[in-house]
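Structure first, then comments.
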Amino acid sequence: MKLWSKGFEPDKMIEEFTVGNDRELDLRLARYDVEGSMAHIKMLQSIGLLSAEELDILLKALGEIAEVIERDEFKIEDGIEDVHSQVEFMLTAKLGDVGKKIHSGRSRNDQVLVDLKLFMRDELKKVAEAVEKLFRRLQMLSEEHKDVLMPGYTHLQVAMPSSFGLWFGAYAESLADDMQMLVAAYNIANQNPLGSAAGYGSSFPLDREMTTRLLGFDTLHYNVVAAQMSRGKTERAASMAISAIASTLGHLAMDVCMWMCQNFGFVSFPDELTTGSSIMPHKKNPDVFEIMRGKCNRLQSVQNEIALLTANLPLGYNRDLQLLKDIIFPATTEMIQCLEMADFMLQHIRVKHDIINDSRYDYLFTVEEVNRLVLDGVPFREAYKKVGLEVQEGTYKPVRSVHHTHAGSINNLCNPQIALKFQALMDKISPKA
Ligand code: ARG
């Protein structure tokens, strides 16, 4: 049975091909579909398209459907195309003609749009909360290990002293940058498209300001064509934010894999958080961070998939848009999983002390030596030459003390300032009050 049934049923193969796994994906939209319908009918009543009694009856029935969804018992029945049809069929089955009234002034294109906006808004908030947890963990670790030095590399060659305070703190601040993208994606999702109907508005005097208020959107997607166009753009903005976070997290995962390698040995984890080999009895592998690196790399391709799916589509609704769900739904879920796993693992990370006392890191301190000479009045280029010659002749002796005081350096990490930056962004998605 179709909402658009006109006395014939489409071929089964056509049905399967066009619906695919959409019904399964739609289950995640069910609660938002009901929420959107509730706002829509309240608005219909306010403009005289439903009586107060009809509104009461409909709200009660929708409330019951919401409870079924809450209990995880909501199903899209065989032969019913999508969540929007299922909700309407349930209403009509229960209420007859009253149920048939709720679709005035809207279209499924409109419904799926508003469902997706509400869904994306919630998902992005969950992503932001997972980012926040990891951010706090990294900042804590940065403070805890701020006095533990480690080598810094350029070209993957021993370069200058670094520290675990800098390393952990760097990823925290990097996440603060990614939050800028997340806030942008959230703001794009937080606009009401409802009332765009099939994509070109309606001859009913729909009160779109009212549904904006009822659904707690920040503002309207005013232009109905722009509202319809926002399908795809909303997901694309979200995927760009996810890509930014995934890039940071994938980079962190790579560092951990490398620092766990025996040639570095800078960090380790309790045995039960590592994995073994079927042949080599000594192995304690970093599989968690390898899978994380792989997943994060894949997550960065989601924006490409969306760009290709939506490139050059004609204006207005096109069924291609349905496939967006299959790309973005698993992406937000996987992003959250990776962030939570990183937080869990880092809770147990052990860092090695005394790394830099090893003679292979002697040259980490050449620049410290040059700078000492400069402070004694030797011009930089001469001091550089002097230390360079000592290195060449094998007479260079490292002084392993570090005193970096400027903002953002080893002995002045500025973690509180970074936390303020992060909090200001987080407040835009999830205000403290
Ligand atoms: N499952 C569809 C989607 O996600 C719902 C909208 C259907 N609209 C239509 N005109 N066929 O896009």
Side-chain angles (χ1 to χ4, degrees), residues 18-33 35-36 76 82-84 108-131 178-194 196 199 215 217 221 226-250 292 294-313 317-341 429:
T18 52
V19 175
N21 66 343
D22 194 50
R23 290 148 33 101
E24 236 169 87
L25 294 163
D26 263 7
L27 289 177
R28 292 184 72 177
L29 296 182
R31 51 177 288 222
Y32 304 106
D33 204 69
E35 205 180 326
I76 300 179
D82 53 33
V83 67
H84 328 292
R108 281 181 301 159
N109 301 350
D110 207 8
Q111 277 181 276
V112 66
L113 255 183
V114 78
D115 293 2
L116 283 168
K117 291 276 189 188
L118 293 168
F119 171 81
M120 288 310 300
R121 199 172 64 169
D122 273 4
E123 283 297 288
L124 291 173
K125 190 167 170 201
K126 284 185 215 158
V127 174
E129 283 160 0
V131 172
D178 303 336
M179 276 297 282
Q180 305 259 17
M181 312 271 286
L182 205 54
V183 169
Y186 184 85
N187 287 339
I188 289 171
N190 200 7
Q191 304 178 88
N192 184 18
L194 194 59
S196 66
L215 293 168
F217 281 113
H221 258 309
Q228 186 53 236
M229 254 204 289
S230 77
R231 190 158 181 205
K233 288 197 82 165
T234 309
E235 290 86 342
R236 194 163 171 169
S239 69
M240 287 165 137
I242 285 173
S243 174
I245 300 162
S247 149
T248 303
L249 196 54
M292 193 181 295
K295 283 184 183 246
C296 285
N297 286 344
R298 277 183 55 189
L299 281 169
Q300 289 174 71
S301 74
V302 168
Q303 56 176 337
N304 290 348
E305 258 188 274
I306 292 180
L308 285 173
L309 177 64
T310 55
N312 307 332
L313 286 185
Y317 178 83
N318 301 279
R319 190 72 180 266
D320 320 42
L321 295 171
Q322 174 177 291
L323 302 178
L324 283 164
K325 289 180 233 171
D326 203 16
I327 305 177
I328 198 70
F329 286 16
T332 54
T333 306
E334 193 147 294
M335 186 74 265
I336 293 167
Q337 273 172 358
C338 285
L339 287 160
E340 285 175 348
M341 183 49 83
I429 295 182

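- Among pairs with a residue in residues 178-189, those fulfilling side-chain hydrogen bond (donor to acceptor under 3.5 Å, both in side chains) read D178-T248, at least two apart in sequence or across chains.
- Rounding to the nearest 0.5 Å gives a distance of 10.0 Å between CG of L323 and CG of L25.
- Taking 4.5 Å as the limit, every side-chain heavy atom of T234 sits out of range of all side-chain heavy atoms of L113.
- Rounding to the nearest 0.5 Å places CG of L299 at 7.5 Å from OG of S301.
- Residues I429 and L124 have side chains not in contact (no heavy-atom distance under 4.5 Å, counting atoms from C-beta outward).
- In this structure, OG1 in T332 is found 12.5 Å from CD1 in I327, a value given to the nearest 0.5 Å.
- Panel note: side chain E235, backbone G232; a donor-acceptor pair is recorded below 3.5 Å.
- Taken from OG in S243 to CE in M240, the straight-line distance is 8.5 Å, to the nearest 0.5 Å.
- Remark: E129 does not engage K126 in a salt bridge, criterion side-chain N to carboxylate O under 4.0 Å.
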Requested in this report: Begin from the C-alpha positions of D26 and K325 and carry the test side chain to side chain contact (heavy atoms under 4.5 Å, CB included) through to its verdict.
Outcome: CA-CA 8 Å; D26 263 7; K325 289 180 233 171; 2.7 Å; yes

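- Annotation for F217 and A189: closest pair CE2-O, 3.7 Å, computed over non-hydrogen atoms.
- The two residues A246 and C296 have their closest heavy-atom pair at O-CB, 3.3 Å.
- Between atom CZ of residue R298 and atom NZ of residue K295 there is a gap of 7.5 Å, rounded to the nearest 0.5 Å.
- The shortest side-chain heavy-atom distance between R28 and E123 falls under the 4.5 Å cut-off.
- Side chain of K117 to main chain of I188: a donor-acceptor pair is present (N/O by atom type, distance under 3.5 Å, no hydrogens or angles).
- Distance CG/D82 to CG/L27: 11.0 Å, rounded to 0.5 Å.
- Between D320 and T310 there is no side-chain heavy-atom pair separated by less than 4.5 Å.
- Inter-residue side-chain proximity for R231 and L313 is flagged as unmet; no heavy-atom pair is nearer than 4.5 Å.
- No cation-pi contact links R108 to Y317, judged by a cut-off of 6.0 Å to the six-membered ring centre and 45° from its axis.
- Counting heavy atoms from C-beta outward, I242 and E334 have side chains that stay 4.5 Å or more apart.
- Using cut-offs of 30° and 60° on the angle between ring planes, the pair Y32 and F119 is perpendicular.
- Between V131 and M179, the closest side-chain pair of non-hydrogen atoms falls below 4.5 Å.
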Report task. Report the C-alpha distance between V302 and M335 in whole Å, list the side-chain angles of each, state the deciding distance to 0.1 Å, and finish with yes or no for side chain to side chain contact (heavy atoms under 4.5 Å, CB included). Result -> CA-CA 11 Å; V302 168; M335 186 74 265; over 6 Å; no

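- The main-chain N or O of T18 is found under 3.5 Å from a side-chain atom of Q322 such that the two form a donor-acceptor pair.
- Looking only at distances, a side-chain donor or acceptor of N192 sits under 3.5 Å from a matching main-chain atom of L194.
- No side-chain heavy atom of N190 sits less than 4.5 Å from a side-chain heavy atom of K125.
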